[in-house]
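Here is how names work: the chains are called A, B, and so on, in the same order as the sequence lines, proteins then strands, and each is numbered from 1.
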Amino acid sequence: MTDGVPRVSWAPSDLEIARQHHRRKASGRSVLIALVSTLVFTAVVVVVLINSPGWESVKTTFFDFEVAKDSFPAVLEGLWLNIRVLFFATIGVAIVGTLLAVMRSLRGPVFFPLRALATIYTDLFRGVPVLIVLFLVGFGVPALDIVPRVPAAVWGTVAITLCYSAYIAEVLRAGMEAVHPSQRIAARSLGLSHAETLRVVVIPQGLRKVIPALMNDFVSMQKDVGLISVLGAVDAVRAAQIEVAVSYNFTPYVVAALLFVAMSFPVIRLTDHVSARMARREQSGGTV
Amino acid sequence: MSVLTLSNVWKRFGDVEVLKGVDLTLEEHDVVVLIGASGSGKSTLLRTINLIEQVDDGQVILSGDDITDPRVNVDKARARIGVVFQQFNLFPHMKVIDNVTLAARRVHKWPADKARDKGVALLEKFGLGDKVDEYSDRLSGGQQQRVAIVRAIMTDPELLLLDEITSALDPMLVGEVLDLVRDLKEGGSTMLIATHEMSFASTVADRIVFMHGGRILETGTPEKIFSAPERPETQEFLARIMHR
Ligand SMILES: Nc1ncnc2c1ncn2[C@@H]1O[C@H](COP(=O)(O)OP(=O)(O)OP(=O)(O)O)[C@@H](O)[C@H]1O
Ligand SMILES: [Mg+2]
């Protein structure tokens, strides 16, 4: 624009055109290889399945369309209970998990009891199988006879919250520790209190670093809410079990499984998307 | 009343004595530059003033208030002092304007629009008007450091502490940051600056303080320190740093 120098807009050189051509050809080849290998793999699995001696009986006991259709409404209604449990457990986990993470990150001898309590809690609940926590909470606490009677699903929600809070607390703590100490110093130098520094500077940055890990835990929680069926709550798994008992056919379990997959699918895809986007943001080199 | 008085400040890390009885006074509008070899305790001194390190003995008195008194609210004391670090330490998850106004909003409880107005005005004054709503990690080093300075002066602190604010920058970007510091001096800021940039020190300082082994060995005007240093340690330090 200046000095009358003619500005030619950029056009790819022959070299660049050749490179682009080569890349297109190479990527076309990869797609083809992927496609063929997928088809071959699927064909092998199908052939092996269909030719296996028990295939006919498996087909009728697990994949009976009529049974699936009949059991679907009951299983779906059960899933609604799972979704509600998931909703409240997620809120519970967000609160308790954050509290535990903050407690574990407190510094100074004054906070030793809190820190120790949180450490013992997370160590304990990360080690005990969810199923056992469910039994202990779902059957043990009501047996104490100090709390009013509530539906089994409530105890299920409590047990899931107890377990997953411990997992989430560890993930959050890792995220908070990954925030460089200079960030805390900068915030404290501005006069922010310890709590404000955590809330405004450390937690937001730490959270960002562990979002994919948190979403993974959420996905596994989505399927673990199916475990509350052991307490007798009529959720999707329990509903399927009842249907199985009626029809002497296992198809309702497959229905329940598909519904759980359908429920978790959006979050799984979202997790991939978010991870990919974060990876792009952190580092723009597309070839490594 | 002096803005800052240090009297007999001691600081130990384990068995290592890093500050061994430092006395220093800054009057209003004073610009004092700390020089000295690496490890002589300049950063540690600045950190004790800002209460990031607790003194082992002695006092730090800010405009008459002994801020090393354990009854003092350290957050309130820190809010009266602006600090800029070597590595800028902006908050990467916040926009430039939110970095700059954070303390005004959270600590000084300014209304949001007052904070924003002043933040934008300062950023514009220092040539960062087009970066107001940018995320801070998208800026060049020199721009980040200028934002960090704006963040430190946003609430008109009584004292500014600058710790080697140009040593993480490309030589090309040093000038723009140092020009800003000269502007602050024109504006009457009281500053305590640690630096290895001797030419900058000589132009901006009212007084140069030479630190050696955790003590202040020599103090004087830039002319005196650079052309007629008295102590052999000062002479040796200057000889080394000038002939690098
Ligand atoms: N947190 C700490 N723990 C232990 N020793 C420390 C700590 N901080 C500083 N030191 C020691 O204190 C001494 C002074 O360090 P300081 O950072 O104050 O020096 P400086 O004058 O700022 O040096 P430079 O010019 O390299 O920045 C050094 O020997 C350093 O190793
Ligand atoms: Mg230093």
Hey, which of A187(A), A186(A), S189(A), S182(A) has the most heavy atom pairs under 4.5 Å with chain B?
S189(A)
Do L180(B) and L184(B) come within less than 4.5 Å of each other through their side chains, counting heavy atoms only?
yes
Chain A contact via F91(B) - which portion, at a heavy-atom distance below 4.5 Å:
both
Need one label for E196(A): side chain, backbone, both or neither, based on atoms under 4.5 Å from any heavy atom in chain B.
side chain
Atom group of M154(B) that falls short of 4.5 Å from chain A, counting heavy atoms
neither
Electrostatic pair R182(B)-D179(B), nearest N-O below 4.0 angstrom:
yes
Can you tell which part of L161(B) gets under 4.5 Å to a heavy atom of chain A, answering side chain, backbone, both or neither?
neither
Counting C-beta onward and ignoring hydrogens, is there a side-chain heavy-atom pair between L122(B) and V100(B) closer than 4.5 Å?
no
Partner of Q59(B) under side chain to side chain donor-acceptor pair (under 3.5 Å), picked from D66(B), T68(B), T5(B), is D66(B)
For F200(B), run the side-chain contact (heavy atoms from CB on, under 4.5 Å) check against V33(B), V174(B), V181(B) and tell me which one passes.
V181(B)
Looking at D98(B) and K95(B), is there a salt bridge between them, counting it only when a charged N and a carboxylate O are closer than 4.0 Å?
no
I81(B) versus chain A, heavy atoms under 4.5 Å apart: side chain, backbone, both or neither?
backbone
Heavy-atom cut-off 4.5 Å, strictly under: side chain, backbone, both or neither for R199(A) against chain B?
side chain
Under 4.5 Å from any heavy atom of chain B, what part of V200(A) do you find: side chain, backbone, both or neither?
both
Would you mind checking which part of N89(B) comes under 4.5 Å of any heavy atom in chain A, side chain (CB onward), backbone (N, CA, C, O), both or neither?
both
Identify whether the distance between the nearest side-chain nitrogen and carboxylate oxygen of R47(B) and D163(B) falls below 4.0 Å.
no
